[in-house]
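A quick write-up on the structure given underneath.
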Amino acid sequence: MADTIKVTLVKSPIGAIPKHRKTVEALGLTKMHRTVELPNNAATKGMIAQVNYLVKVEEA
């Protein structure tokens, strides 16, 4: 298991539930097709699971 994971915003959160919009922002994703590296821990995985229809995840 990698120490970090790459998360890319692939769908706009404009039409998403407000809670999901804030989750995307908390992940550090501000614009479409931007990628951030995040620690591979339970908190991050939970956030990604909540907005899995908006993001793409890769092992870093």
(request) Evaluate the side-chain proximity of Met47 to Thr44: yes if any heavy-atom separation is below 4.5 Å, no if none is. (result) no
(message) With rounding to the nearest 0.5 angstrom, report the CG to CD distance, Asp3 to Glu59.
(response) 10.0 Å
(request) Check the pair Val24 / Thr30 against side-chain contact (heavy atoms from CB on, under 4.5 Å), numbers first and verdict last. (result) CA-CA 8 Å; Val24 168; Thr30 56; over 6 Å; no
(message) Looking at Ile14, is its backbone amide N or carbonyl O close enough to the side chain of Ser12 to form a donor-acceptor pair, meaning the two atoms are under 3.5 Å apart?
(response) yes
(message) Side chains of Gln50 and Lys19, heavy atoms from C-beta outward: is any pair under 4.5 Å?
(response) yes
(request) Please report the shortest heavy-atom distance between Lys56 and Val10, naming the atom on each side. (result) CB-CG1, 3.9 Å
(request) Taking the side chain as every heavy atom from C-beta outward, state whether Val55 and Ile48 have any atom pair closer than 4.5 Å. (result) yes
(request) Would you name the heavy atoms of His20 and Tyr53 that are closest together and state the gap between them? (result) ND1-OH, 2.7 Å
(request) Please report the closest heavy-atom contact between Arg21 and Pro13, naming both atoms and the distance. (result) CG-O, 3.0 Å
(message) Donor-acceptor pair, distance only, cut-off 3.5 Å: does the side chain of Arg34 make one with the backbone of Leu9?
(response) no
(request) Using atom types as modelled and distance alone, determine if a side-chain donor or acceptor of Asn40 lies under 3.5 Å from a backbone N or O of Ala2. (result) yes
(message) As an exercise, state the distance from CG of Asn52 to NZ of Lys45, rounded to the nearest 0.5 Å.
(response) 14.5 Å
(message) Within the supplied structure, the quantity of interest is the number of heavy atoms (other residues, nucleotides, ligands) at a distance under 6.0 Å from Glu25 CD; does it exceed 12?
(response) no
(request) Scan Leu29, Thr4, Val57, Val7 and name whichever one has a side-chain contact (heavy atoms from CB on, under 4.5 Å) with Leu38. (result) Val7
